[in-house]
Amino acid sequence: MSFPLLTATAALPAVGAIATAAVPAARRTAAKWLALLVSLATLALAVAVLVRFDPDGDRYQLTESHAWIADFGVRYELGVDGIGVALVALTALLIPFIILAGWHDADPLETKSSRWRPTQGFFALILGVEAMVIISFEATDVFLFYIFFEAMLIPMYFLIGGFGDRAHAGSDENASAQRSYAAVKFLLYNLVGGLIMLAAVIGLYVVAGNFSLQEIAEARANGSLDMATNTERLLFLGFFFAFAVKAPLWPLHTWLPNAMGEATAPVAVLITAVVDKVGTFAMLRFCLQLFPEASKWATPVILVLALISIVYGALLAVGQRDIKRLVAYASISHFGFIILGIFAMTSQGQSGATLYMVNHGISTAALMLVAGFLISRRGSRLIADYGGVQKVAPVLAGTFLIGGLATLSLPGLAPFVSEFLVLVGAFARYPVVGIIATFGIVLAALYTLVLYQRTMTGPVKPEVSAMPDLKVRELVVVAPLIALLIGLGVYPKPLTELVDPAVQHTMSDVHKKDPKPEVEAAK
């Protein structure tokens, strides 16, 4: 029996979370190092998955299948395609940087009289989220996926509400109330989406008789499972609604700015760069594969919603006074691009969407973590409280600039390739949609450059005159992310070769081919 590599990749951070939580109260530093070592070991396993995966091989590889709840047709089934492998690698890559960046985030909560262990709890919750996200990318049983899709809400709720950002202008009571509000809003929105999805999961079982993604998809392909049109559309809407909340897609997005604004910067990265990717990934894996006809039926409305997300998120980012909320609204705009690429139903669009998931995770992590270092020095999230930082902390300002330029998809940085492919793919089938979406690029340049100008340039404000530059730990966090942004921007081929075969399978699921370019015959 071969080594269950996928199970190990998800189980290791789960076991590490329990071990970290069990570290004695007086051993805070030991808990931090244990969490970091576990995250690095998980990254090593993710690299092993990446190395063993053959892009030209079977669609799902490294598969595992075991009976679980036999009476209800539930199995423990895992498998990864090129898209899943890329996102497992992204998750495992970002968690060590999140842990290092949040090294001291729980320290202010430590008191001699405290009966709980906030440091141990903080890092244990991060590892717990990592485990649930990874198994969500690996699960090929719909019910198994649903369990972890919902379960990850619990540790995220405590990370937002219990370990939120302390950089508030108001009183501690007001700050605590805002954190609680953001955590409850995050939980309620996602729970509602999850409950609707649960009804759809049960409906799928009634129709198909099992929860196996591969069996249901094969039955649909060979005609042995014929869903009524209305049934398929209702089931699709149940799944898509939950994924659109998680993604998030306008108008189901309003929880994200609150959650990212009130969370610490590392937890904000965990939300938008890791957890939210489960929503867009699931649209590709479940919506298109299980409900191909309903996906095509809903495409016009989804494209309109994606366009609204792109433009609306960017416009609100331009008007923000809070650094973290600006990044949150920018992420809403970026998720609009991802969903646009998925439902453009072209290979370029879906390849671009998958690359966008990976590259957005890296670029948002770089920008938000540097923003977190900036905020921790000044103690304020307000843009107006900064000015002239590049003169006193040039390395911090330089890394902030590169993260910002990646956010606006500057050519030569990784997100540019993703956004270009999405726009090409959208324009090939829906030219008007592609043209409107391009307007989001202009707005991205506006909010990014205005943010940099107001915080980093101009006269040095007295409050930032003694601001220290990035320290060694912070450089260890930021430098690899900047290197990845440049490396994948200059040479994206390894990533495109990984995901393209999986995209072709998805295109086959929905019975779509790329439109042929219309070339006027030479006269």
Side-chain angles (χ1 to χ4, degrees), residues 94 97-98 100-102 105 165 167 260-261 263-269 272-273 314 317-318 320-331 333-334 359-416 443-461 463-487 489:
L94 291 181
F97 298 126
I98 288 171
L100 271 175
D105 282 1
D165 191 4
M260 288 185 65
T264 62
V267 172
V269 171
T272 192
V318 171
Q320 289 303 305
R321 298 183 299 169
D322 183 308
I323 296 174
K324 292 168 71 177
R325 289 179 71 90
L326 185 151
V327 178
Y329 280 110
S331 291
S333 181
H334 296 151
N359 294 332
H360 171 263
I362 299 170
S363 63
T364 298
L367 180 60
M368 180 60 85
L369 292 179
V370 176
F373 298 148
L374 178 70
I375 291 167
S376 67
R377 285 160 165 75
R378 174 68 177 83
S380 173
R381 301 179 343 212
L382 298 179
I383 296 172
D385 289 340
Y386 296 88
V389 173
Q390 68 179 11
K391 296 178 182 177
V392 297
V395 177
L396 189 155
T399 53
F400 190 82
L401 177 61
I402 295 173
L405 293 176
T407 298
L408 64 81
S409 298
L410 184 77
L413 296 176
F416 169 76
L443 293 174
L446 181 60
Y447 63 68
T448 300
L449 296 178
V450 168
L451 172 64
Y452 183 83
Q453 179 190 35
R454 292 178 178 175
T455 55
M456 301 296 165
T457 66
V460 178
K461 290 199 172 183
E463 295 83 1
V464 303
S465 58
M467 180 177 288
D469 214 333
L470 292 182
K471 301 174 183 177
V472 174
R473 172 179 61 86
E474 296 165 335
L475 285 171
V476 170
V477 170
V478 176
L481 297 175
I482 298 298
L484 279 171
L485 288 175
I486 297 172

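- A 4.5 Å side-chain heavy-atom check between Val389 and Met467 finds at least one atom pair inside the cut-off.
- Of all heavy-atom pairs between Leu382 and Ser380, the closest is N-OG, 3.1 Å.
- The nearest pair of heavy atoms linking Val476 to Phe97 is O-CE2, 3.7 Å.
- Looking at Arg381, its side chain does come within 3.5 Å of a backbone N or O of Gly261 through a donor-acceptor pair.
- Within the model, atoms CG of Leu485 and CG of Leu405 stand 10.5 Å from one another, a figure rounded to the nearest 0.5 Å.
- Within a 6.0 Å sphere centred on CZ of Arg473, heavy atoms belonging to other residues, nucleotides or ligands number more than 12.
- The aromatic rings of Phe400 and Tyr452 sit parallel to each other, their planes meeting at less than 30°, with 60° as the upper class boundary.
- The backbone N or O of Ala268 sits nowhere less than 3.5 Å from a side-chain atom of Thr272 that would complete a donor-acceptor pair.
- Taking each heavy atom of Leu94 and Ala365 in turn, the nearest pair found is CD2-CB, 3.9 Å.
- The line from CG of Asn359 to CZ of Phe416 is 12.0 Å long, rounded to the nearest 0.5 Å.
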task = Show the numbers, then the answer: is there a side chain to side chain contact (heavy atoms under 4.5 Å, CB included) between Val464 and Arg378?
result = CA-CA 7 Å; Val464 303; Arg378 174 68 177 83; 4.0 Å; yes
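- In this structure, Phe373 and Val478 have side chains that are in contact, with non-hydrogen atoms separated by less than 4.5 Å.
- The shortest distance between side-chain heavy atoms of Leu369 and Leu481 falls below 4.5 Å.
- A donor-acceptor pair under 3.5 Å links the side-chain atoms of Asp469 to the main chain of Leu396, judged by distance alone.
- Heavy-atom contacts from other residues, nucleotides or ligands closer than 6.0 Å to CZ of Arg454 number 12 or fewer.
- Residue Arg377 comes nearest to Leu470 through the heavy atom pair NH2-CA, 3.6 Å, listed as atom of the first residue, atom of the second, then distance.
- Between His360 and the choices Ser331, Pro415, Ser409, the side-chain contact (heavy atoms from CB on, under 4.5 Å) rule is met once, by Ser331.
- In this structure, Thr364 contributes its side chain and Gly361 its backbone to no donor-acceptor pair below 3.5 Å.
- Contact detail for Leu413 and Ala406: the closest heavy-atom pair is CD1-N, 3.5 Å.
- Taking OG1 of Thr399 as the reference point, atom CG of Leu367 lies at 9.5 Å (rounded to 0.5 Å).
- Using a 4.5 Å cut-off on side-chain heavy atoms (C-beta onward), Asp105 and Pro266 make contact.
- Ile362 CD1 to Ile482 CD1: the interatomic distance, rounded to the nearest 0.5 Å, is 10.5 Å.
- Closest non-hydrogen pair, Thr448 versus Gly404, comes out as CG2-O, 3.1 Å.
- Contact annotation: the side chain of Met456 never approaches that of Leu401 to less than 4.5 Å [non-hydrogen atoms, C-beta and beyond].
- The one candidate from Val460, Leu451, Thr457, Leu374 that meets the side-chain contact (heavy atoms from CB on, under 4.5 Å) condition with Tyr386 is Leu374.
- In terms of modelled atom types and a separation under 3.5 Å, the side chain of Lys461 and the main chain of Ala384 share a donor-acceptor contact.
- Counting heavy atoms from C-beta outward, Leu326 and Ile383 have side chains that approach closer than 4.5 Å.
- Residues satisfying the side-chain hydrogen bond (donor to acceptor under 3.5 Å, both in side chains) test with Gln320, not counting sequence neighbours, are none.
- With Lys324 contributing its side chain and Ala371 its backbone, the two residues share no donor-acceptor pair below 3.5 Å.
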